[in-house]
Engineer: 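Pasting a structure here, questions to come.
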4 protein chains.
Amino acid sequence: MLEQKGYHETSMDEIAARVGIAKGTIYIHFPSKDALVIALLERNMQKFLAGIDAVIEQHSTSRARLEALLRYIMTDLLQKQMHLFSSISHSLDLKYQEPEGEARLGGLWQRITERVVALIEEGQATGEFKRALSTQAMLYAFFSLFATRHLKKHIVNDEHTSQRLVDQLIEIYFTGIAVESRS
Amino acid sequence: MLEQKGYHETSMDEIAARVGIAKGTIYIHFPSKDALVIALLERNMQKFLAGIDAVIEQHSTSRARLEALLRYIMTDLLQKQMHLFSSISHSLDLKYQEPEGEARLGGLWQRITERVVALIEEGQATGEFKRALSTQAMLYAFFSLFATRHLKKHIVNDEHTSQRLVDQLIEIYFTGIAVESRS
Amino acid sequence: MLEQKGYHETSMDEIAARVGIAKGTIYIHFPSKDALVIALLERNMQKFLAGIDAVIEQHSTSRARLEALLRYIMTDLLQKQMHLFSSISHSLDLKYQEPEGEARLGGLWQRITERVVALIEEGQATGEFKRALSTQAMLYAFFSLFATRHLKKHIVNDEHTSQRLVDQLIEIYFTGIAVESRS
Amino acid sequence: MLEQKGYHETSMDEIAARVGIAKGTIYIHFPSKDALVIALLERNMQKFLAGIDAVIEQHSTSRARLEALLRYIMTDLLQKQMHLFSSISHSLDLKYQEPEGEARLGGLWQRITERVVALIEEGQATGEFKRALSTQAMLYAFFSLFATRHLKKHIVNDEHTSQRLVDQLIEIYFTGIAVESRS
DNA sequence: CATGAATGAGAGTTCATTCAT
DNA sequence: CATGAATGAACTCTCATTCAT
C-alpha cells in the first residue's frame, strides 16, 4: 500500500483498514506515521541487504556477482508489485521528521552501497573491470538502472520480453565497465 | 518551487505568493491544483522538446547527437535547482485526477522518447549502434541515467568532479551500445 | 464559552459554532488554540487594566481607590457570566505551549498587580494602611478575595444579598489592613 | 500525580503506571476516570475532615481553633506538592459526568464548611467574633485565603518568609472579624 | 477579472474504555 | 481478578477550493 501509492497518497486510515486493525492501534506500535514508514523501510532494507549477501556468495567472480545482483534487483522490480528495492528507492526522496530514524536508514543504505562498491573495486583489482573508470561512476550507473520511474513504462507482462530486457541491460552495463568487451 | 519541493510540499498559497498573484486568481486560469501542475509540466515538456531539437540539429552523427543530448539533460540535472527534465521526471510518479491532462502529458512524453528512439534507430541503421540490442533496452538505459533520486547523493559542488562523472557515464553507456568502443 | 467551560472542555468546533464561523476560519486569525486563548486573555487583561485605571482615577484617597477597585472586580464576578477578571484568574493555572504569548500575559498580569501594589504602598505612605504589614500579604489577601472557585457557591441571584456580601468582605479586608479599625 | 498535573493532563496510563497496576485493572475497581477521581477526592476530603477535627480539638477558644485550622490548611498548601485541600480545591471547578459521585463530594464539602460555620457562630456567640458580620461573609473570606491560584505566585522556598506571610494573613483576617483587634 | 477571507472535508494523533486471554 | 493490546470517537490542525466584494 504505502510502497505503491506513496507516502502522501496513503492515509493512516487506509493503512489501518488494509492491515485490518483500528487506526489507533497503529500508534501503539509506532509513535507517528513517519516512524511507521521508516520502520517499514528499515525492514525492507535489511531484507534487501540479506538478499544481496545471499546472492553474492553464490558466485565467485566479481563480474558474476555483480551480474547476479543486478538480476536479483531487476527481478524484484519486474514483479510489478513493487517490493524491496522499489520501496527503498522511492523513499530516498522524502524528508522525515525523525532524524534518528533517518540516520538509521542512511546507515543501511550506505551498507548496501558498500557491497556494490566492494564488488566494483574487487573487480578492478582482479582486472575484470576497467580501472580507468571511477568507482563513483560505476556505482551510479549501476543503481541508475533501477529507476522505477522509467521502468514502469517498460514493464511488460510477457515474461520472455522482460527477461530479454534485463539481459540487454546487463550487456550494455558490463560492456561499458568490463575490460573485455563482448559486442 | 513546485519543481523543487514537490507536489504535496507546495501549497497553493506558496504558489500564489511566488507568482505574485492572489490565490483566488489562480483558479480563474486553472480549474484545480492538478490542472495547474499539469499545465506547468506541459510547458516544461514543450520547452524540453524544443531544447532537444535544438541540441540534436547542432550535430550530425547519431552518436554525437545522442551524446550531446545526454550532456544537455545532465547539465540540467546537475544545476541543482531542478529544471526542465527534473520536474518532468519527478512528476511521472504522481497520479493526477485529470485524465485529459494526463493524456496530454503522456503524449508529450511519448514525443520526447520518440526523438531518442529515432536517434537510436538511426544509429543502428548507420551502423553506429549495435543492432543486436533492442531499441527498448537502449532507450531504457538512456533515461535510467537520469535518475535524480540517486544523482542527489552524487552531486558535488565541484564543477570538475561533476563533469568527470558525466564523462564516465557517457563512456559506460556508449561503450555498451556503440559498435566500436572508443575507450 | 471558553471563559466558562474552560480550556479542555471547549473544543475548536464549539468555538467556531458559537462564533458562527467555520473551524478552519479560526486558524486564519490564530495559529493555534493556545494562541487563540492567549489572545482572548490578553484582550480581557487589557480591558481589565483600562477598567482599573478608570476606577482608580474616580477617587482620591488610597483607601477609596482600593475599595472601589475591589467593588469593581466583585461586580464583574457576581454577574455570574464570568467576565474579565474571572477569565484571567482561571487561566493563570494553565501552561501554554507558546512561550512568547505566555510572557505577554505575564507582563500584563504584572502591570495589574503593580496598580494594586502602588495603591497599597501609597496608602501606607499616607498612613491609611498599616505599615507593619508587608505589601505582599496585603496584595495576596486582596486578590484572594476573588477566588471564583469559592465564589460560585456563594453567588446568589438576590442583588441585595450579593451587595451585602461585598460590603462585609470590604469591611473585613479594610479592618484588617487599615490603621483605624471601625468595628 | 492527578493532584499536581490536573485532570486533563493526567492520563489513565500514567495513573496505572504510578499505582503500579495495569490500566485495565483500574476499571475493575472504578467504572470510569471520573469515578476514580471522585473516589480519590472523597478519600482526600475525608482525611481532610478528620484533620480538621483533630486540629480543632487541640484548642479551646473559637479564635484559637479557627486560627489553627487556617494554619493547618496553609501548611498543606505551602508544601508545594499539592495535598489534601489543594486537590479538593482544584477539583471544585470541574464538571463530572457522575451526578451521584458529585453529590457525595458536595455533601463532604458541606460537612467541611459546616465545621467552619460552627466555629464562626460559636465565636460570635461567645463574643469573640463580630456579630454584625454575616456567617456567609466570614466563611467566604476564610476559604478565599486558600486560593492556590494566587498562592503559587507567592510561594517562596524560604521557610521563614512563608511563615511570615501566613502570620500576616492571619492578622488581616482576624483583625477583620474579631471584636477586639490585637494589632 | 482580481481578491483573500471563509469554508469544510480530511489528515494525523490521543486516550478513556473494553475484552479476550 | 489481572492484564494490556485493541478500539474508535473526538481532538487539533491543514489546505484545495469557493465566492462576495
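In what follows, chains carry the letters A, B, and so on, assigned in the order in which the sequence lines appear, proteins first and then strands, with residues in each chain numbered from 1.
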Engineer: Can you name the nearest heavy-atom pair linking D:Ala22 to D:Ala16, along with the distance?
Structural biologist: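 Closest pair (atom of D:Ala22, atom of D:Ala16, distance): C-CB, 4.0 Å.
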Engineer: Quick one: do D:Glu14 and D:Glu9 satisfy side chain to side chain contact (heavy atoms under 4.5 Å, CB included)? Show the steps, please.
Structural biologist: CA-CA 10 Å; D:Glu14 283 178 287; D:Glu9 279 70 22; over 6 Å; no
Engineer: Determine whether B:Met45 and B:Arg111 make a side-chain contact, defined as any pair of heavy atoms from C-beta on separated by less than 4.5 Å.
Structural biologist: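 No - every pair of side-chain heavy atoms lies 4.5 Å or more apart.
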Engineer: For a quick test of reading the model, state the closest non-hydrogen atom pair linking D:Lys33 to D:Tyr27 and the distance between them.
Structural biologist: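 It is N-OH, 4.4 Å.
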Engineer: Testing the basics here: between D:Leu108 and D:Gln46, what is the closest heavy-atom pair and its distance to 0.1 Å?
Structural biologist: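 What the structure gives for the nearest pair is CD2-CG, 4.2 Å.
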Engineer: Report the secondary structure of DNA chain F in dot-bracket form, marking unpaired bases with a dot and bases paired to a different strand with |, and treating Watson-Crick or G-U pairs with both distances under 3.5 Å as paired.
Structural biologist: .||||||||||||||||||||
Engineer: Quick check: closest heavy atoms across C:Thr10 and C:Lys5, and the distance to 0.1 Å?
Structural biologist: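 Answer, listing the atom of C:Thr10 first, then C:Lys5: OG1-CB, 3.4 Å.
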Engineer: For D:Trp109 and D:Phe143, take the angle between the two ring planes, folded into 0 to 90°, and tell me which bin it lands in: parallel under 30, tilted 30 to 60, perpendicular over 60.
Structural biologist: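 Correct class here is tilted.
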Engineer: Compute whether any side-chain donor of one residue and acceptor of the other, for A:Ser32 and A:Gln97, lie under 3.5 angstrom apart.
Structural biologist: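 No pair is found: no donor N or O on one side chain lies under 3.5 Å from an acceptor on the other.
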Engineer: With C1' as the reference atom in both, quote the distance from E:dC1 to F:dT21 in angstrom, rounded to an integer.
Structural biologist: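 Straight-line distance between the two C1' atoms is 13 Å.
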Engineer: Take nucleotides 4-14 of chain E nucleotide by nucleotide from the 5' end and write B, S or -, depending on whether a protein heavy atom sits under 4.0 Å from the base, only from the sugar-phosphate, or from neither.
Structural biologist: B-BBB-BSSBB
Engineer: Nearest-Å distance, CG (C:Leu36) to C1' (F:dC13)?
Structural biologist: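 In whole Å, F:dC13 C1' lies 13 Å from C:Leu36 CG.
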